[in-house]
Participant: 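For reference, the structure I am asking about is given below.
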Amino acid sequence: MRVAMIGTGYVGLVSGACFADFGHDVTCVDKDKEKIAALERGVIPIYEPGLDDLVKHNSREGRLSFSVDLTEAVGSAAAVFIAVGTPSRRGDGHADLSYIYRAAREIAEKLRDFTVIVTKSTVPVGTGDEVERIIREARPDADFAVVSNPEFLREGAAIRDFKHPDRIVVGFEDERAREVMAELYRPLYLNAAPILYTGRRTAELTKYAANAFLATKITFINEIADLCEKIGADVQEVARGIGLDNRIGTKFLHAGPGFGGSCFPKDTQALIKTAQDYAAPQRIVEAVLAVNDVRKRAMARKVAIALGGSLRNKTIALLGLTFKPNTDDMREAPAISVVTALQDMGATVHAYDPAGMDQAKKVLPDVTYCDTPYSCAEGADALVIVTEWEQFRALDFARLKKSMKSAHLIDLRNVYRAEEVARQGFSYDGIGRPNSHVLNDEPRVVTWLSAAGPSSHAESARELEAFLAHADERGVGA
Ligand code: UDX
């Protein structure tokens, strides 16, 4: 089947390469001449494990090609995918659909026989209707159908996610379009990936609802983590304790510095805006976004507290800058807010990231970038793990301790356990877990919970309230 993929960003390039790998004949189109020239030479513009080989292999086999001109690609395609960006519009937070609509107008000019036009970009409800209207207006004679087929892949695991999806969602209004989509995804259907056929608007909303729900799950556990720190509980055990309930599930319950990336912040914002327009406000999602924004900067305060309250003349070494491991993507990375807040408090920041430093330099110019975690830590007052890259999971603490000014580890991803780090002579602060201050100080929290032994629920609630009211005075959680 011939496929045209308009836009060679994350979603477009990965989907195009994977469709080619299924055996379809795919042309990826992009306006950026340099990008297309580079792709033709096999140079991949993004960091995504396995994508390099997939693109090279399918190009060699003649199933994947690149072009700046969509005339031939669209004219001969059974399905034309729109996978261009939908960034947040400056000022109001709505998704900016100008790239989508421009692509629709350009596609309209080139349509020949019956063609299915598929929106793969994340777009607000009703965008499919508008795409259809634009094409119909430009080409009243054209035979086409517009489908919504949102993509759920994650950066860093994109190829696996595309080839082994939990589900494929296809929103359609024309039966002929359903048949084309079924044929396109047939290889996955044989893998038993469920295809959910819905109305077009339903498919559009499903994507936003999925991302908003995941963002909510993360934010929920992050707030529970804050409470854990105050009362001396362990958020990882709480997460496991609730996650083993099948209705909740263990995934996406890792407490951390807040979610970032190219999707969650933008998509939750866009959902909030759409919902307000339709007078059906999504108050939970509004709270999620607000809590997450504040959280990123609050992580810098955690560092300050670990160092006794002030960061003046302190050097902080940051490990990991990208919004998550296995990507070079810095979009909305928590590290950006953490670094600027640390600098606002007077700290000097050193940083190391295995893949993201080139991107980071563009948004965080006043940072000293280092070649290894160890050179990064030299002379530092504290080491902060911001992104859980694999190579930070087995740091040589003896070596680090020798070169650091003072041995503090602030672990925003809970990579380590307080006891093992304390054994190496480091003080430790994780997220939502008893930190080493509490451990060394004899666990006041544990004493309260067990020795005071609240005898009834009502009593327990009252005591907890009183305890929390005085928690700060007692130094618990600090
Ligand atoms: C996300 C969705 O998962 C994907 O389905 C959609 O297509 C695009 O958006 P992605 O942005 O690549 O994918 O990253 P994801 O792995 O979902 O992580 C997003 C953010 O949440 C990261 O900053 C990550 O560190 C954070 N996160 C994730 C947590 O803090 N805790 C978790 O338990 C999971």
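Start at 1 and go down the list; that is how both ligands and their atoms are numbered. In this chain, residues are counted from 1 in sequence order. These numbers come from a predicted model, not from an experiment.
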Participant: To the nearest 0.5 Å, how far apart are CE in Met345 and CG in Leu307?
Facilitator: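 If I round to the nearest 0.5 Å, the distance is 10.5 Å.
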Participant: Within a distance under 4.0 Å of any heavy atom of Phe259, pick out the atoms of ligand 1 and give their elements.
Facilitator: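 So the atoms of ligand 1 that pass are 20 (C), 21 (O), 23 (O).
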Participant: On the six-membered ring of Phe323, is Arg331 placed so that its NZ or CZ lies under 6.0 angstrom from the centre and within 45° of the ring axis?
Facilitator: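 Not satisfied by the 6.0 Å and 45° rule.
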Participant: Enumerate the atoms of ligand 1 whose separation from the nearest heavy atom of Lys207 is less than 4.0 angstrom.
Facilitator: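 Answer for ligand 1: 6 (C), 7 (O).
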Participant: Any N/O of Glu388 closer than 3.5 Å to an N/O of ligand 1?
Facilitator: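 No.
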Participant: Does ligand 1 have an atom under 4.0 Å from some heavy atom of Gly256?
Facilitator: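 Heavy atoms of Gly256 never come under 4.0 Å of ligand 1.
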Participant: Considering non-hydrogen atoms of the protein only, which is the closest contact for atom 1 (C) of ligand 1, and what is the distance?
Facilitator: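 I find the closest protein heavy atom is Phe264 CE2, 3.5 Å.
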Participant: Quick test of your reading of the model: are Arg393 and Glu390 salt-bridged, counting only N-O distances below 4.0 Å?
Facilitator: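 A salt bridge is present here (some side-chain N lies under 4.0 Å from a carboxylate O).
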Participant: From the options Phe252, Tyr10, Phe152, select the one whose nearest heavy atom is closest to atom 17 (O) of ligand 1.
Facilitator: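 It is Phe252 that holds the nearest heavy atom.
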Participant: Does the structure place the NZ or CZ of Arg186 under 6.0 Å from the centre of the six-membered ring of Phe22, at an angle of no more than 45° from the ring's axis?
Facilitator: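 Negative - Arg186 is either too far from the ring of Phe22 or too far off its axis.
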Participant: With no hydrogens and no angle check, is any side-chain donor or acceptor of Asn292 less than 3.5 Å from a backbone partner on Val288?
Facilitator: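 Side chain of Asn292 to backbone of Val288: no pair is present.
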Participant: If the cut-off is 4.0 Å to any non-hydrogen atom of Glu151, which atoms of ligand 1 fall inside it?
Facilitator: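 Close to Glu151: 7 (O).
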Participant: Looking only at N/O atoms, are Leu153 and ligand 1 under 3.5 Å apart anywhere?
Facilitator: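 Yes, since at least one N or O of Leu153 sits under 3.5 Å from an N or O of ligand 1.
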Participant: Could you tell me which atoms of ligand 1, counted from 1 in the order shown, lie closer than 4.0 angstrom to a heavy atom of Cys263?
Facilitator: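 Atoms satisfying the 4.0 Å criterion: 8 (C), 9 (O).
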Participant: Do me a favour and list the nearest non-hydrogen protein atom to atom 3 (O) of ligand 1 with residue, atom name and distance?
Facilitator: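 The answer is Arg154 CG, 3.2 Å.
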Participant: Identify the closest protein heavy atom to atom 26 (C) of ligand 1: which residue and atom is it, and at what distance?
Facilitator: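 Nearest neighbour among protein heavy atoms for atom 26 (C) of ligand 1, to 0.1 Å: Ile218 CD1, 3.9 Å.
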Participant: Would you mind checking which non-hydrogen protein atom is closest to atom 11 (O) of ligand 1, with the distance to 0.1 Å?
Facilitator: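 Here the nearest protein heavy atom works out to Phe323 CE1, 3.6 Å.
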Participant: Mind checking whether Leu319 and Leu383 have side chains closer than 4.5 Å, heavy atoms only?
Facilitator: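 They are in contact (side-chain heavy atoms under 4.5 Å apart), so the answer is yes.
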Participant: Tell me whether Asp96 is salt-bridged to Arg90, with the criterion being a basic N under 4.0 Å from an acidic carboxylate O.
Facilitator: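 Judged by the 4.0 Å cut-off on N to carboxylate O distance, Asp96 and Arg90 do not form a salt bridge.
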Participant: Strictly below 4.0 Å, N to O, side chains only: are Asp25 and Arg63 in salt-bridge contact?
Facilitator: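 Answer for the salt bridge query: no.
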Participant: Quick one: do Asp329 and Lys324 make a salt bridge, cutoff under 4.0 Å?
Facilitator: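 No, this pair does not count.
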Participant: Would you mind checking which non-hydrogen protein atom is closest to atom 12 (O) of ligand 1, with the distance to 0.1 Å?
Facilitator: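 Checked against all protein heavy atoms, atom 12 (O) of ligand 1 sits closest to Glu155 N, 2.7 Å.
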Participant: Using a plain distance cutoff, I'd like to know if His254 has any nitrogen or oxygen under 3.5 Å from a nitrogen or oxygen of ligand 1.
Facilitator: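 The answer is yes, given that His254 and ligand 1 share an N or O pair closer than 3.5 Å.
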Participant: Indicate, as side chain, backbone, both or neither, the part of Leu253 found under 4.0 angstrom from ligand 1 when only non-hydrogen atoms are considered.
Facilitator: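 Just the backbone.
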Participant: Out of Gly258, Ala255, Ala335, Gly260, who gets a non-hydrogen atom closest to atom 20 (C) of ligand 1?
Facilitator: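 Residue with the shortest heavy-atom distance to the ligand atom: Gly260.
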Participant: Do NZ/NE/NH1/NH2 and the carboxylate oxygens of Lys56 and Asp53 come within less than 4.0 Å?
Facilitator: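 Not counted as a salt bridge, because no side-chain N and carboxylate O are separated by less than 4.0 Å.
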Participant: Out of all atoms in ligand 1, which are within 4.0 Å of some heavy atom of Arg413? Include the element for each.
Facilitator: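 Atoms satisfying the 4.0 Å criterion: 25 (O), 30 (O).
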Participant: For atom 15 (P) of ligand 1, what is the closest protein heavy atom, and at what distance to 0.1 Å?
Facilitator: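 Going atom by atom, the protein heavy atom closest to atom 15 (P) of ligand 1 ends up being Lys324 NZ, 3.6 Å.
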Participant: Only one of Trp389, Tyr369, Tyr352 forms a side chain to side chain contact (heavy atoms under 4.5 Å, CB included) with Leu321, so which one is it?
Facilitator: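 That would be Tyr369; it is the only one of Trp389, Tyr369, Tyr352 passing the side chain to side chain contact (heavy atoms under 4.5 Å, CB included) with Leu321.
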